[in-house]
Structures are given as structure tokens and as C-alpha cells.
Amino acid sequence: MSTVHATAEEQARTVRVRRLPQVPVEVGLGALLTVIVVMFTALNSSFWSASILQAVLRAAAVAGLVVVGETLLLILKQIDLSVGSVVSLSAIVGCQLVTHYHLPWQLAVLGALGVGMAVGAVNALLVVWARLPALIVTLGTLYATGGLSLVISGGLQISGLPEGLVGLGQSRLLGLPFAVYLLLAVVAVAHGVMNLTVFGKSAYAIGGNERAAVRAGVPVRRYVTCAFIASGGLAGLAGILLAGRVGVADPTQGQGLELTVITAAVVGGISLFGGAGTMLGAFLGAVFIQVVTIGLVLVGLDSTLQPVASGALLIVAVAVDTLRRRARRA
């Protein structure tokens, strides 16, 4: 008798859960972003100004490109910890091409893109074909590419960049940085790919249940390989844009960026367990992280405490992701 009552109670609880309003992550994050902006403006009125908005968008444009690539891998239940070092290495190589070898800046962009894709291909080779854990492989390439950046640059910044490359990172169109339009275009394309193509639907299937995807005939290895290469390429593009924006290439420019983009993706509703999330949510997550980072600076938070705040935000984001996963199971 007690078993019957227990079963009935569980069924009733399940019905109640299903009746709860399902608010899209993007809507909730947009509302939270509005609250955060209002709060920082109340604490420091200069937060709501054109210059601060420009700073947020410039930072989000570079980080957002890396977030798109990382999001694709997370949906596939993979991860890439090397993206921060790839940003640095791509910037160093690209800037060396124009300052040391005097090549056109357009080739520097292609060179940076190629370096990122090459590192992504190495990651894919070791993860997909050698069957090594992505966490360990990309941690190894993080250190390897970071070391290469120091070797190639001699541990020094590369300055004297041509106007074309600097303009790529600093130019504006209708008051907004060109990099912002580039990011919006990449997000739009990625969103369309993930929602309207066989690749996108297969990526969600692979992240949700890889064995079932293999049995259904999905070319899992090919798709994951493409994702790693795309992630590396976007990190390379972000690196050369960052160098153009600040006017120099620094071998430590992308240090720590990998944790920032993972936090942004998870805040934007991307599951660390694969198979869930949207590119639009990841984009909002990138904007949210930059708003919080710049807002904390403006309200006078000690710079030594900012990593603490970032770590706490990452823990909260993972906890929320875990709760969302449990709710989906219910």
C-alpha cells in the first residue's frame, strides 16, 4: 500500500514540475544583465556612459569569438583549455609576419587563423583519433602553445604594427567597433548552423548520447574534429583582433582567457555535460562576464580580489548548470 502511495506522490510531483513555467535561459540572463547594469550604475554613475559601453563591447567582441568555438565543443561534450594560449600564439605569429617578414597585414590575419586551426587540428588528432581525454590534451597544448609564444617573441611584446592591422581592431562603424559586427556575424552563422543544419542537430545528439549517435550513423569523429579546428580558428582570429586593438602582441595576452570563456558559456546556459545550450545564450554570457568585470573595476574592487570574484562566478554557474540538468531529468 505504501508503495502505491509513494508512486502516486512521485507522479504528482512530476506533474507539478512539468507545470512550472519554463523560462528560456536567454530571457533570464537578459533580465539578470539588466539588473546588474542598473546596480553598477547606481554604485557609479559613470558606468552608464558611451565610453564604458564601448569598453564592454570591445572586450566582449574578442572574448565572444572564443566563446562561440568553446560553446560548440561543450555542446559536443568536449572542452578546449588551450584557447587562451592559442590567442597569444596566433597574435605573436601574425604580428611577426608583418613586423619581421614585412608581409601584408591581410596575410597576418590568415596566418593567425591558420595557427589557431593547426592547434585545433592537433587537439582533434589526439582527442578524436588517439582517444586521449580532451581535458588532458588541451591542458598540454595550453602549456605548449604558451611556451611557443615566449620562444618566438623572446618573451617581449611585438610593437610597430601596420595601420591596417591596428585599424582592424580599433576601427568603428556607426559608433560601434568593427569587431562587434564581426562577432554578431559569427554568432548569427553559428546559431543558424546549430539550429538549421544536419551538423547542428547531430552535434546536440552527440553531446546528449554519443553511443546512440554512432549507432544512428552520425560521423562523430568527423564532426568533433571540425569543432576542434573551428574553435582553434576562432581563437586565432580573436588573437589578431586583440593585438590590433591594443596595438601590440604580447606572449601572455590570452592568459586565463580559457576559464573566462568557459564561465561565459556556462552562464549562458551551455551545459558542461553536453547536448544543451544555444549560441545566443553563449553570446549573452560573454557580454555578462565583461559587464561584471568592468563593473567591479569601476566600483573600486581591489584587482587582487577580481580572480576571486571570477572563480566564485564559475562555481555558481556550474551549480546552476547542475540544477538545470537535474530539472531536465525530472
Side-chain angles (χ1 to χ4, degrees), residues 23-68 70-71 83-84 87 169-170 172 174-184 186-187 238 241-242 245-247 250 252-270 277-321 323-324:
V23 179
V25 174
E26 297 83 357
V27 175
L29 185 56
L32 179 59
L33 187 58
T34 303
V35 172
I36 292 293
V37 169
V38 171
M39 182 186 71
F40 281 134
T41 303
L43 293 173
N44 189 331
S45 58
S46 64
F47 183 81
W48 188 252
S49 63
S51 60
I52 298 301
L53 178 61
Q54 290 277 352
V56 170
L57 291 177
R58 281 196 301 267
V62 173
L65 289 173
V66 187
V67 170
V68 170
E70 192 72 54
T71 295
V83 288
V87 166
Q170 298 182 359
R172 291 183 176 87
L174 301 177
L176 292 177
F178 168 76
V180 173
Y181 293 100
L182 179 60
L183 172 61
L184 292 176
V186 170
V187 170
L241 282 175
L242 179 58
R245 193 188 83 193
V246 300
D250 191 299
T252 62
Q253 230 159 17
Q255 194 172 47
L257 185 60
E258 58 280 345
L259 295 182
T260 299
V261 299
I262 291 172
T263 303
V266 176
V267 167
I270 309 302
T278 66
M279 288 295 173
L280 177 59
F283 165 73
L284 291 175
V287 175
F288 179 85
I289 293 298
Q290 298 307 323
V291 167
V292 170
T293 301
I294 294 177
L296 291 177
V297 172
L298 286 179
V299 299
L301 182 68
D302 193 323
S303 60
T304 58
L305 293 177
Q306 289 178 24
V308 177
S310 300
L313 184 59
L314 177 58
I315 293 173
V316 171
V318 172
V320 171
D321 175 46
L323 292 175
R324 281 198 299 255

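Sequence positions, counted from 1, serve as the residue numbers for this chain. Atoms considered below: every heavy atom in the structure, side chains included; atoms not considered: hydrogens, waters and symmetry mates.
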request  = State, to 0.1 Å, how close Leu183 and Leu65 come at their nearest heavy-atom pair, and which atoms those are.
outcome  = CD1-N, 3.6 Å
Please report, to 0.1 Å, the donor-acceptor pairs under 3.5 Å made by any side chain of residues 282-297, with sequence neighbours excluded.
unit_1, atom_1, unit_2, atom_2, d
Thr293, OG1, Ile289, O, 2.8

ask   = Within a strict 4.5 Å, meaning less than it, do heavy atoms of the Ile270 and Glu70 side chains meet?
value = no
ask   = Hey, is CD on Gln170 packed in by over 12 heavy atoms from elsewhere, all under 6.0 Å?
value = yes
ask   = With sequence neighbours excluded, what pairs up with Val62 under the side-chain contact (heavy atoms from CB on, under 4.5 Å) test?
value = Ala238, Leu242, Arg245
inquiry  = Return the CZ to CG distance between Phe40 and Leu43, rounded to the nearest 0.5 Å.
reply    = 7.5 Å
task = Using the test ring-ring contact (aromatic ring centres under 6.0 Å, His included), find all partners of Phe178 that sit at least two apart in sequence or belong to another chain.
result = none
key: Partner set under side chain to side chain donor-acceptor pair (under 3.5 Å) for Gln54, not counting sequence neighbours   = Arg172
query = Ile315: what forms a side-chain contact (heavy atoms from CB on, under 4.5 Å) with it, not counting sequence neighbours?
reply = none
query = Closest heavy-atom contact between Leu29 and Gly268?
reply = CD2-CA, 3.8 Å
ask   = Can you name the nearest heavy-atom pair linking Thr71 to Ala265, along with the distance?
value = OG1-CB, 3.9 Å
message = Listing request: all side chain to side chain donor-acceptor pair (under 3.5 Å) pairs with a residue in residues 31-44, at least two apart in sequence or in separate chains.
response = Asn44-Ser46
message = As a quick check of understanding, evaluate side-chain contact (heavy atoms from CB on, under 4.5 Å) for Leu257 and Val83, giving each step before the final call.
response = CA-CA 7 Å; Leu257 185 60; Val83 288; 5.7 Å; no
